Amino acid sequence: MDFELSEEQRAFAQTAREFALAEFAPHAAQWDAEGIFPKEAIAKAGELGFCGLYAPESIEGLALPRLDATLVFEEMAAVDPSTTAFITIHNMATWMLGTWGGAAVREPWGADLTSGRKLASYCLTEPGAGSDAGSLKTRAELKGGEYVINGGKAFISGAGSTDVLVLMARTGGGGAGGISAFALPADAPGISYGKKEHKMGWNSQPTRTINFDNVRIPAENLLGSEGEGFRIAMKGLDGGRINIATCSVGAAQGALDAARRYLHERQQFGKPLASFQALQFKLADMATELVAARQMVRLAASKLDAGHADASTYCAMAKRFATDAGFNVCNDALQLHGGYGYLSEFPLERLVRDARVHQILEGTNEIMRVIVARKLLEGDSDIR
């Protein structure tokens, strides 16, 4: 077992770090304060391959292992978790389109998505189907050579500002087996978007509801086969959970770095804060939790890359642990800054707000516990 990164992996991470410092760091606070969706900056990330990290080469993706993708996402999230999180969602949707889509969707959209020239949203959640995604009601009916889609989605990242929707809709009976996956243009007739949601964090990416009113798309826009959509969605979410866990690790690293600097700079009672043992212990605990979270995320990514039978369970464990630990590290770093941590001039309050939602999306951490517990209680699990 080798925990060390290769020289190539270190160079890739360094490129991502330099990119984030140059393109995200000067603007992240403004994007957050003004609710700006930085499409130009995301397109620049695409020029480096960061919008198609693990998408197949058939659509000009880099086809990297998930482990390598975490290195890029972590470095960018240390500067701007919100923008990076959208890039991870775009990567997931792009990978799904490139993996299960036919020529009818790969040829017009594939290369534009992997390059960042166009952006994609992932559409699974509905107003009445969040944790219970298998109960979704949006319906796609095959009529002639077209599917006609009716229904609605909620909490969709990028909605109203992206070009392609990867959509889960019901084509059959109830339950997960009746769900299929589709790719469709975001501006197709019959699609309308709700108001831009006002959120606690993740303000550099818009979140809206989407309504589908007799939206017609060619039958060739089906991803995979009818009834395969829920399986595709869950495969996408395995990687998505690693991605969002990585964003928490990155945010926590950014917060820890800020706290280390601040403890040296700030003085109280005639001494730098770094000289107080209680604060030293706090910093040590933060670093320990962060390293543990990072290693769990990389373990899960390695399991997914290897096609391990229990990869989904490892992804759930990593998501649960890393998003909880990452939020706690960000919150502790804010506390170490005292009143200054609460001010928007410092990045801590933004990191805390952005990291909080990671415990909810891509499956709540309560659902992650359900996934792990079910696997353990099956009796044949090799989780260790």
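Fair warning: this is a prediction, and the values are worked out from it, not measured in the lab.
- We find that Asp332 and Lys282 are joined by a salt bridge, their nearest charged nitrogen and carboxylate oxygen being less than 4.0 Å apart.
- Met286 places a side-chain heavy atom less than 4.5 Å from the side chain of Leu336.
- Residues Ala63 and Pro56 approach most closely at CB-CA, 4.4 Å, considering heavy atoms.
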Starting from the C-alpha separation in whole Å, work towards a yes-or-no answer on side-chain contact (heavy atoms from CB on, under 4.5 Å) for Trp100 and Glu228. CA-CA 10 Å; Trp100 283 280; Glu228 197 180 3; 3.8 Å; yes
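- Aromatic ring centres of Phe19 and Phe24: separated by under 6.0 Å.
- In this structure the side chain of Leu5 reaches within 4.5 angstrom of the side chain of Leu71, judged on heavy atoms.
- Of the possible donor and acceptor atoms, none in the side chain of Thr94 sits under 3.5 Å from a partner among the backbone N and O of Gly52.
- More than 12 non-hydrogen atoms from other residues, nucleotides or ligands lie less than 6.0 angstrom from NE2 of His308.
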Between Asp80 and Trp31, is the side-chain contact (heavy atoms from CB on, under 4.5 Å) condition met? List the steps. CA-CA 10 Å; Asp80 186 352; Trp31 295 340; 3.3 Å; yes
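- No side-chain donor-acceptor contact under 3.5 Å links Ser275 to the backbone of Lys271.
- In this structure, Tyr193 and Thr209 have side chains that are not in contact, with every pair of non-hydrogen atoms separated by 4.5 Å or more.
- In this structure, Thr162 contributes its side chain and Ala159 its backbone to no donor-acceptor pair below 3.5 Å.
- Across all non-hydrogen atoms, the minimal contact from Leu348 to Gly341 is CB-O, 3.9 Å.
- The closest side-chain donor-acceptor pair between Asn243 and Tyr54 falls under 3.5 angstrom.
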Applying side-chain contact (heavy atoms from CB on, under 4.5 Å) to Ile371 and Arg241, what does each step give before you reach the verdict? CA-CA 13 Å; Ile371 292 170; Arg241 286 162 183 162; 3.6 Å; yes
Taking it one step at a time, do Arg170 and Glu126 satisfy salt bridge (charged side-chain N to carboxylate O under 4.0 Å, His left out)? CA-CA 12 Å; Arg170 189 167 300 284; Glu126 297 184 3; over 6 Å; no
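- Checking Asn203 against Ser82 by side-chain atom types alone, no donor-acceptor pair falls below 3.5 Å.
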Evaluate the criterion side-chain contact (heavy atoms from CB on, under 4.5 Å) for residue pair Lys153 and Leu167; output intermediate values, then yes/no. CA-CA 9 Å; Lys153 298 292 178 178; Leu167 171 75; 3.4 Å; yes
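- Other residues, nucleotides and ligands contribute over 12 non-hydrogen atoms within 6.0 Å of the CZ atom of Arg369.
- A donor-acceptor contact shorter than 3.5 Å is absent between the side chain of Thr138 and the backbone of Ala169.
- A salt bridge between Arg260 and Glu265 is absent, with no side-chain N of the basic residue lying under 4.0 Å from a carboxylate O of the acidic one.
- Taking both residues in full, the closest heavy atoms of Trp202 and Ala85 are given as CZ2-CB, 3.2 Å, listed atom of the first, atom of the second, then distance.
- When all heavy atoms of Ser121 and Gly158 are compared, the closest pair comes out as OG-C, 3.6 Å.
- When side chains are defined from C-beta on, Leu119 does not count as touching Leu113, because their heavy atoms never get closer than 4.5 Å.
- Other residues, nucleotides and ligands place no more than 12 heavy atoms under 6.0 Å from the CD atom of Gln335.
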Trace of the salt bridge (charged side-chain N to carboxylate O under 4.0 Å, His left out) decision for Arg294 with Glu289: CA-CA 9 Å; Arg294 177 181 291 115; Glu289 292 292 304; over 6 Å; no
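- Listed for the Arg106 side chain is a donor-acceptor partner under 3.5 Å among the backbone atoms of Gly101.
- Remark: the backbone N or O of Leu67 is paired with a side-chain donor or acceptor of Asp305 at under 3.5 angstrom.
- More than 12 heavy atoms of other residues, nucleotides or ligands sit less than 6.0 Å from atom CZ of Phe37.
- Within 6.0 Å of NZ in Lys375 there are more than 12 heavy atoms belonging to other residues, nucleotides or ligands.
- Salt bridge status for Lys118 with Asp163: absent, with no side-chain N to carboxylate O gap under 4.0 Å.
- Counted within 6.0 Å of CD on Glu378, heavy atoms from surrounding residues, nucleotides or ligands total more than 12; the atom is thus considered enclosed.
- Considering only heavy atoms from C-beta on, Tyr342 stays 4.5 Å or farther from Glu349 through its side chain.
- In this structure, Arg139 and Ile149 have side chains that are not in contact, with every pair of non-hydrogen atoms separated by 4.5 Å or more.
- Other residues, nucleotides and ligands contribute only 12 or fewer heavy atoms inside 6.0 Å of the OH atom of Tyr340.
- Asp324 has a carboxylate O that lies under 4.0 Å from a charged side-chain N of Arg320, or vice versa, which qualifies the two as a salt bridge.
- Of all non-hydrogen atoms in Asn221 and Ala183, the two that sit nearest each other are ND2-O, 2.8 Å.
- Under the 4.5 Å side-chain contact rule for hydrophobic residues, Phe86 and Leu165 do not share a cluster.
- Residues Ile87 and Met76 meet the side-chain proximity criterion, which asks for heavy atoms closer than 4.5 Å.
- Using a 3.5 Å distance cut-off with no hydrogens or angles, the side chains of Thr70 and Thr246 do not pair a donor with an acceptor.
- Salt-bridge formation is not detected for the pair Glu40/Lys44: no Lys NZ or Arg NE/NH1/NH2 atom is positioned less than 4.0 Å from an Asp or Glu carboxylate oxygen.
- Taking 4.0 Å as the cut-off between side-chain N and carboxylate O, Arg353 and Asp32 count as a salt-bridged pair.
- Look at Arg216 and Glu146 and you find a salt bridge, because one of the NZ, NE, NH1 or NH2 atoms lies within 4.0 Å of a carboxylate O, short of that distance.
- Note on ring orientation: taking the six-membered ring where Trp is involved, the planes of His337 and Tyr262 are parallel (angle under 30°, cut-offs 30° and 60°).
- Inspection of the Thr323 and Ser248 side chains reveals no N or O donor paired with an N or O acceptor under 3.5 Å.
- Closest non-hydrogen pair, Ser161 versus Pro206, comes out as OG-CG, 3.7 Å.
- Contact check for Cys123 versus Ile210: side-chain heavy atoms found under the 4.5 Å cut-off.
- More than 12 heavy atoms of other residues, nucleotides or ligands lie within 6.0 Å of CD in Gln280, so this atom counts as buried by the packing criterion.
- No option in Glu197, His198, Lys195, Lys199 other than Lys199 meets the side-chain hydrogen bond (donor to acceptor under 3.5 Å, both in side chains) test with Thr207.
- One side chain, Asp132 or Ser135, offers a donor N or O that lies under 3.5 Å from an acceptor on the other.
- For the residue pair Gln205 / Ser157, a side-chain donor-acceptor distance below 3.5 Å is found, with atom types taken as modelled.
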